[in-house]
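To keep things clear, I will list the structure first and then write my remarks on it.
Whatever order the structure lists them in is the order used to number ligands and atoms, beginning at 1. Quantities reported herein were computed from a predicted structural model and do not represent experimental measurements.
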Amino acid sequence: MKVTVVGAGAVGASCAEYIAMKDFAAEVCLLDIKEGFAEGKAMDLMQTASLNGFDTKIVGSTNDYSKTANSDVAVITSGIPRKPGMTREELIGTNANIVKTVVEQLVAHSPNVIVIVVSNPMDTMAYLVHKATNIPKNRIIGMGGALDSARFKYRLAEALECPISDVDGMVIGAHSDTGMVPLTRLASRNGVPVTQFLSDEQLASVAQETRVGGATLTKLLGTSAWYAPGAAVSALVQAIACDQKKMFPCSLYLEGEYGLNDICFGVPALIGKNGVEEIIEIELSDDERAKFNEAAEKVREVNGALNL
Ligand SMILES: NC(=O)C1=CN([C@@H]2O[C@H](COP(=O)(O)OP(=O)(O)OC[C@H]3O[C@@H](n4cnc5c(N)ncnc54)[C@H](O)[C@@H]3O)[C@@H](O)[C@H]2O)C=CC1
Ligand SMILES: O=C([O-])CC(=O)C(=O)O
């Protein structure tokens with residue numbers, strides 16, 4: 001398995017590090033437009049190999065896509081992150097051009113690649129990748145829900161005062177400050193509904209902290225997060241590499257699923273060697289469905305700003 005990570009910045013480097021540490025890939029190619037930057041990150045990471053016990057080879061490239069040739073998976077993290085007070089949607093003007101140029105070059109060198117889109121606003125960037133290329137829809141995966149679900153579990157465990165490994169839960173909908181739909185009704189502690197342990201107020205607060213999880217970190221860090229985003233991407237790449245058919249909410253191109261068409265939006269799916277193996281349709285409550293549809297409308301508005 002060869003994985004390319006475009007953008008050797010905070011998220012790209014974290015993602016490359018987690019992939020290498022899990023030792024399931026033969027090669028990770030880190031590519032960045034900044035002269036020498038990806039080579040430097042690759043060398044630094046390779047010097048952790050004997051300490052951390054992995055054999056994955058990490059190579060760097062300054063914008064030379066020939067080094068990415070025949071990648072099985074490519075992760076797009078290139079673009080600018082937001083600053084405190086900004087929304088992800090405000091990044092569209094800069095990031096749309098970057099993502100379009102990057103994906104065209106990736107596909108030219110790896111025609112069968114599975115693309116994982118990370119750059120924000122992610123749902124719209126995944127839609128752009130769908131529109132700008134001929135990549136089949138099962139090979140375009142927007143990463144947001146895997147991260148948002150990890151943050152949901154973190155907040156649930158905090159409220160429950162229990163280990164995170166006791167908690168299960170999922171966030172669907174948009175990867176935005178207002179458009180995430182944490183499925184509180186279905187979240188559980190060892191199979192027992194969390195609604196049995198937490199009040200409506202506590203659950204509403206968990207849901208809100210989850211929705212603004214990225215903004216909270218951006219305020220603390222002065223730029224957006226990278227460890228959990230990198231870990232979430234590496235979990236998706238591992239599911240593909242090891243054909244796990246593991247369920248993650250991902251931003252996927254929908255053609256009728258959940259009543260939506262012509263949009264990339266966060267829904268649960270099984271991820272395996274073909275990328276998206278199956279979209280899982282779950283029954284939503286009226287309230288969940290209303291929030292889900294409202295968020296989809298907002299994503300459509302942002303998509304409308306793309307130059308397609
Ligand atoms: N979907 C998600 O859950 C998450 C998305 N993000 C998004 O990921 C993106 C990257 O975030 P960070 O890594 O923190 O930013 P960063 O600024 O640390 O890294 C971005 C890298 O992209 C490179 N780059 C810019 N244009 C390029 C091009 N044309 N070709 C190749 N490389 C190029 C830059 O030189 C830089 O090294 C942002 O848009 C951010 O909003 C961040 C966290 C989570
Ligand atoms: O908050 C941001 O801008 C970056 C991101 O998508 C996240 O960490 O969820």
Side-chain angles (χ1 to χ4, degrees), residues 4-18 29-42 60-65 67-68 74-106 115-126 128-129 141-152 154 171 173-180 209-236 248-251 264 266:
T4 284
V5 179
V6 182
V11 177
S14 156
C15 167
E17 181 177 17
Y18 285 125
C29 177
L30 256 182
L31 182 144
D32 203 283
I33 201 163
K34 226 187 294 173
E35 187 67 42
F37 191 59
E39 288 86 339
K41 288 279 179 107
S61 162
T62 302
N63 224 27
D64 175 3
Y65 280 80
K67 291 209 178 144
T68 72
V75 181
I76 303 181
T77 75
S78 46
I80 53 168
R82 62 173 158 168
K83 297 241 175 326
M86 289 174 75
T87 64
R88 296 177 179 88
E89 289 79 356
E90 287 174 66
L91 306 172
I92 189 172
T94 306
N95 288 355
N97 292 328
I98 293 175
V99 168
K100 187 163 185 286
T101 321
V102 163
V103 77
E104 284 167 354
Q105 295 178 86
L106 281 172
V115 177
I116 299 180
V117 184
V118 180
S119 310
N120 274 315
M122 182 279 293
D123 296 293
T124 295
M125 293 303 105
L128 171 63
V129 167
I141 302 174
M143 194 294 289
L147 170 63
D148 303 332
S149 300
R151 288 183 176 148
F152 184 38
Y154 165 80
V171 178
H175 183 61
S176 71
D177 295 342
T178 55
M180 288 177 207
E209 282 162 349
T210 301
R211 275 189 288 268
V212 297
T216 301
L217 284 159
T218 303
K219 197 170 165 204
L220 290 167
L221 297 166
T223 183
S224 55
W226 55 89
Y227 294 117
V233 173
S234 79
L236 291 182
F248 294 96
C250 299
S251 188
C264 285

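Using a 4.5 Å heavy-atom threshold, the side chains of Arg211 and Asp148 count as separate. In this structure the side chain of Leu31 never reaches within 4.5 angstrom of the side chain of Val5, judged on heavy atoms. Contact annotation: the side chain of Pro249 approaches that of Ser149 to within less than 4.5 Å [non-hydrogen atoms, C-beta and beyond]. At least one side-chain heavy atom of Val171 sits under 4.5 Å from a side-chain heavy atom of Thr210.
In terms of protein heavy-atom proximity, atom 17 (O) of ligand 1 is closest to Pro81 CD, 3.5 Å. In terms of protein heavy-atom proximity, atom 5 (C) of ligand 1 is nearest to Val118 O, 3.0 Å. Protein heavy atom in closest approach to atom 27 (C) of ligand 1: Ile33 CG2, 3.7 Å. Here the heavy atom of the protein found nearest to atom 14 (O) of ligand 1 is Ala10 CB, 3.6 Å. The nearest heavy-atom contact from the protein to atom 39 (O) of ligand 1 is Ile80 O, 2.8 Å.
For the pair Tyr18 and Tyr227, the tightest heavy-atom approach, listed with the atom from each and the gap, is CE1-O, 3.2 Å. Among all heavy-atom pairs drawn from Ala225 and Arg151, the shortest one is CB-NH2, 3.6 Å. Smallest separation of non-hydrogen atoms from Pro84 and Gly222: CD-O, 3.4 Å.
Contact between Phe37 and ligand 1 is present, with at least one heavy atom of the residue lying under 4.0 Å from the ligand. Residue Thr223 places every heavy atom at 4.0 Å or more from ligand 1. Using a 4.0 Å heavy-atom cutoff, Thr101 is absent from the residues neighbouring ligand 1.
At a heavy-atom distance under 4.0 Å, atoms from both the backbone and the side chain of Asn120 approach ligand 1. For Met143, heavy-atom contacts with ligand 1 shorter than 4.0 Å involve the backbone as well as the side chain.
Between Gly144 and ligand 1, a contact under 3.5 Å exists for no N or O pair. For the pair His175 and ligand 1, the shortest N or O to N or O distance falls below 3.5 Å. Ligand 1 has no N or O atom lying under 3.5 Å from any N or O atom of Val6, backbone or side chain.
A donor-acceptor pair under 3.5 Å is formed between the side chain of Asn95 and the backbone N or O of Ile80.
Ligand 1 places these atoms under 4.0 Å from at least one heavy atom of Lys34: 35 (O). Residue Pro229 has at least one heavy-atom neighbour below 4.0 Å for each of these atoms of ligand 1: 43 (C), 44 (C). Atoms of ligand 1 lying under 4.0 Å from at least one heavy atom of Ala225, given by number and element, are 43 (C). Taking every heavy atom of Asn95 and a limit of under 4.0 angstrom, the matching atoms of ligand 1 come to 39 (O). Close approach of ligand 1 to Ile98 is summarised as follows: ligand atoms under 4.0 Å from at least one heavy atom of the residue are 26 (N), 27 (C), 28 (C), 29 (N).
Using a 4.0 Å cut-off between charged side-chain N and carboxylate O, Arg88 and Asp177 make a salt bridge.
Checking Val11, Leu91, Val99 against atom 42 (C) of ligand 1, the nearest heavy atom belongs to Val11. One option in Gly9, Gly214, Gly79, Ala228 has a heavy atom closer to atom 22 (O) of ligand 1 than any other, and that option is Gly79. Here atom 21 (C) of ligand 1 lies nearest to Asp32 when heavy atoms of Ile116, Asp32, Val75 are compared.
Side-chain contact, Glu39 with Thr62: a donor N or O sits under 3.5 Å from an acceptor N or O.
Counting heavy atoms of neighbouring residues, nucleotides and ligands inside a 6.0 Å radius, atom NZ of Lys41 exceeds 12 of them.
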Can you list every pair where an N/O of ligand 2 is under 3.5 Å from an N/O on the protein?
unit_1	atom_1	unit_2	atom_2	d
ligand 2	1 (O)	Arg82	NE	3.2
ligand 2	1 (O)	Arg82	NH2	2.8
ligand 2	1 (O)	Arg88	NH2	3.4
ligand 2	3 (O)	Arg82	NE	2.6
ligand 2	6 (O)	Arg88	NE	2.8
ligand 2	6 (O)	Asn120	ND2	2.9
ligand 2	6 (O)	His175	NE2	2.7
ligand 2	8 (O)	Arg151	NH1	3.3
ligand 2	8 (O)	Arg151	NH2	2.9
ligand 2	9 (O)	Arg88	NH2	2.9
ligand 2	9 (O)	Arg151	NH1	2.7
ligand 2	9 (O)	His175	NE2	3.2

